[in-house]
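Quick notes on the structure that follows.
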Amino acid sequence: MVYPVFPGETNHYGTLFGGTVLAWMDQAAFVAATRHAKRKVVTVHADAVDFKRPVPLGAIVELVARVVGVGRTSMRVEVEMWVEPIQEGETPYLAAKGGFILVALDERGRPVPVPPLEV
């Protein structure tokens, strides 16, 4: 997933709000888990998210989400947020990293088994 950082998403320091970072990371985790389970999923847990570096106004961010483990009905998804600076000569960098646990649900909202993780 790729997002541009607009003024409405920044704080008074001109950097991306932490809450927006968490929301975008949760969305990326949702997409990865949904693709794996091929059914409705919900987030049940977010691990500590490490904010490595600030994300400036005008940057383009890319969220990379991977299912790294599965239980019977749950999936662990790791998400990284990479920043692509718009200034010439600057290199992309890791801005944040965290883990999320999502559970697959049936039509009644009850947990259901997920496919195994293929190596």
Side-chain angles (χ1 to χ4, degrees):
M1 299 176 73
V2 177
Y3 295 97
V5 179
F6 290 128
E9 294 144 347
T10 61
N11 57 32
H12 58 289
Y13 297 115
T15 59
L16 186 60
F17 279 117
T20 302
V21 171
L22 294 173
W24 289 354
M25 291 176 82
D26 189 30
Q27 288 175 8
F30 166 82
V31 170
T34 300
R35 283 178 165 170
H36 179 79
K38 304 242 188 302
R39 60 175 47 248
K40 179 179 178 181
V41 301
V42 293
T43 304
V44 296
H45 180 78
D47 288 344
V49 173
D50 295 320
F51 295 90
K52 307 278 189 187
R53 291 181 55 189
V55 180
L57 172 64
I60 296 170
V61 297
E62 180 178 7
L63 291 114
V64 179
R66 297 176 197 86
V67 176
V68 296
V70 297
R72 191 176 74 76
T73 63
S74 65
M75 295 154 283
R76 176 171 174 68
V77 180
E78 288 185 357
V79 182
E80 296 177 340
M81 176 181 277
W82 288 86
V83 175
E84 180 183 331
I86 58 169
Q87 294 78 17
E88 189 173 337
E90 292 189 19
T91 59
Y93 61 87
L94 180 65
K97 183 176 183 176
F100 296 81
I101 305 292
L102 294 95
V103 170
L105 302 176
D106 66 13
E107 301 77 28
R108 294 184 175 160
R110 294 182 299 212
V112 292
V114 296
L117 189 60
E118 295 181 22
V119 180

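Below, all heavy atoms of this structure are taken into account, side chains as well, without hydrogens, waters or symmetry copies. Owing to the predicted nature of the structure, the values given are computational and were not obtained by experimental measurement. Starting from 1, each residue takes its place in the sequence as its number.
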Backbone N/O of A29 and side chain of D26: donor-acceptor pair under 3.5 Å =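 Not confirmed, D26 side chain does not pair with A29 backbone.
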Item to check | Side chain N11, main chain Y13, donor-acceptor under 3.5 Å | outcome: yes
Do [X] and [Y] belong to the same hydrophobic cluster, where Ile, Leu, Val, Met, Phe, Trp and Tyr are linked whenever their side-chain heavy atoms lie under 4.5 Å apart, directly or via other members?
X: I101; Y: V70; result: no
X: V68; Y: V49; result: no
X: V103; Y: V67; result: no
X: L16; Y: M1; result: yes
X: V112; Y: V114; result: no

Heavy-atom side-chain proximity of V2 to I60 below 4.5 angstrom |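 Side-chain contact under 4.5 Å: yes.
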Worksheet item: Would you say the side chain of S74 lies within less than 4.5 Å of the side chain of L102, judging by non-hydrogen atoms?
Response: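 Not touching, per the 4.5 Å side-chain cut-off.
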Show the nearest heavy-atom pair for residues [X] and [Y], with the distance to one decimal.
X: V79; Y: M25; result: O-CE, 3.4 Å
X: L117; Y: G69; result: CD2-N, 3.8 Å
X: A96; Y: V21; result: CB-CG1, 4.0 Å
X: P54; Y: T15; result: CB-CG2, 3.8 Å

What's the separation between atom [atom1] in [X] and atom [atom2] in [Y], rounded to the nearest 0.5 Å?
X: E9; Y: Y3; atom1: CD; atom2: OH; value: 9.5 Å
X: Q27; Y: T43; atom1: CD; atom2: OG1; value: 10.0 Å
X: M81; Y: L22; atom1: CE; atom2: CG; value: 8.5 Å
X: F100; Y: D47; atom1: CZ; atom2: CG; value: 8.5 Å

Contacts satisfying salt bridge (charged side-chain N to carboxylate O under 4.0 Å, His left out) that involve residues 99-115 (not counting sequence neighbours) are D106-R110
Check step by step if side chain to side chain contact (heavy atoms under 4.5 Å, CB included) holds for V83 and R53. CA-CA 9 Å; V83 175; R53 291 181 55 189; over 6 Å; no
For residues 82-101, which residue pairs pass the side chain to side chain donor-acceptor pair (under 3.5 Å) check, not counting sequence neighbours?
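Every pair satisfying side chain to side chain donor-acceptor pair (under 3.5 Å) with a residue in residues 82-101: E80-W82.
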Under 3.5 Å, which donor-acceptor pairs link side chains of residues 30-42 to any protein atom two or more places apart or in another chain?
| unit_1 | atom_1 | unit_2 | atom_2 | d |
| --- | --- | --- | --- | --- |
| T34 | OG1 | F30 | O | 2.8 |
| H36 | NE2 | P115 | O | 2.8 |
| K38 | NZ | R35 | O | 3.0 |
| R39 | NH1 | L105 | O | 3.3 |

